[in-house]
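To start, the structure itself, in structure tokens.
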Amino acid sequence: MEVLDSHGKVVPWETEGAVAIKLPLPPGTLPTLWENDQKFKESYLEFFPGYYFTGDGGYYDKDGYIYIMGRIDDVINVAGHRLSTGPWRR
């Protein structure tokens, strides 16, 4: 897992950013959305190329523990649809 800035760059520890999971993921993990492969790619894989975008904000502390502070845009992805705008939107 990495914490990234809005440009997809890894931020220093103790700095908040977007939590993302480095690809590849294990086989069978989060394969797609029901009948909408393209929306899955747009929502989770294209936001930060090379990472799975979780939509969560957080940071690593000085001991290497990751803290999830909440949703970065105060919405939950529903079937790959983002229902509000937020500061991380491109």
Side-chain angles (χ1 to χ4, degrees):
M1 294 181 71
E2 300 284 358
V3 180
L4 308 174
D5 66 15
S6 62
H7 302 289
K9 303 292 182 201
V10 176
V11 299
W13 285 14
E14 300 184 318
T15 304
E16 286 193 43
V19 176
I21 302 170
K22 184 102 169 113
L23 298 175
L25 296 173
T29 304
L30 308 167
T32 191
L33 296 172
W34 177 258
E35 296 184 359
N36 200 342
D37 294 337
Q38 185 57 38
K39 190 65 176 177
F40 176 80
K41 291 175 188 173
E42 290 171 10
S43 298
Y44 300 102
L45 302 177
E46 293 178 0
F47 201 83
F48 294 120
Y51 292 91
Y52 172 83
F53 174 54
T54 67
D56 296 318
Y59 67 95
Y60 276 104
D61 72 4
K62 62 182 167 83
D63 297 318
Y65 291 97
I66 192 164
Y67 287 80
I68 304 299
M69 303 306 292
R71 302 295 296 173
I72 61 172
D73 57 5
D74 294 327
V75 299
I76 296 174
N77 284 328
V78 178
H81 298 280
R82 299 176 59 75
L83 303 176
S84 75
T85 59
W88 291 86
R89 230 170 148 112
R90 292 185 190 180

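Note: hydrogens, waters and symmetry copies are ignored here, and every other heavy atom, side chains too, is used.
Between Thr15 and Val3, the closest side-chain pair of non-hydrogen atoms is not below 4.5 Å.
Note: Tyr52 OH to Ser43 OG = 9.0 Å, rounded to the nearest 0.5 Å. Here Glu2 contributes atom CD and Ile66 contributes atom CD1; the two are 8.5 Å apart, rounded to the nearest 0.5 Å. The distance from atom OG1 of Thr32 to atom OH of Tyr44, rounded to the nearest 0.5 Å, is 10.0 Å. Atom CG in Leu4 sits 10.0 Å away from atom CE in Met1 (nearest 0.5 Å). The CG atom of Leu45 lies 9.0 Å from the CG atom of Leu30; values are rounded to the nearest 0.5 Å. Note: Trp13 CH2 to Tyr65 OH = 10.5 Å, rounded to the nearest 0.5 Å.
Taken together through direct or relayed side-chain contacts under 4.5 Å among Ile, Leu, Val, Met, Phe, Trp and Tyr, Leu23 and Leu33 form part of one hydrophobic cluster.
For Tyr59, the ring pair (Phe, Tyr, Trp, His ring centres under 6.0 Å) criterion is met by Tyr67, not counting sequence neighbours.
Within the structure, the salt bridge (Lys or Arg N to Asp or Glu O under 4.0 Å) test picks out the following pairs touching residues 48-57 (sequence neighbours left out): Asp56-Arg71.
Listed here is the closest heavy atom pair of Ala18 and Phe48: CB-CE1, 3.8 Å. When all heavy atoms of Val11 and Asp5 are compared, the pair lying nearest together is CG1-N, 3.6 Å. Across every non-hydrogen atom of Ala20 and Tyr51, the tightest pair is CB-CB, 3.8 Å.
Between the side chain of Asp61 and the backbone N or O of Asp63 there is at least one donor-acceptor pair closer than 3.5 Å.
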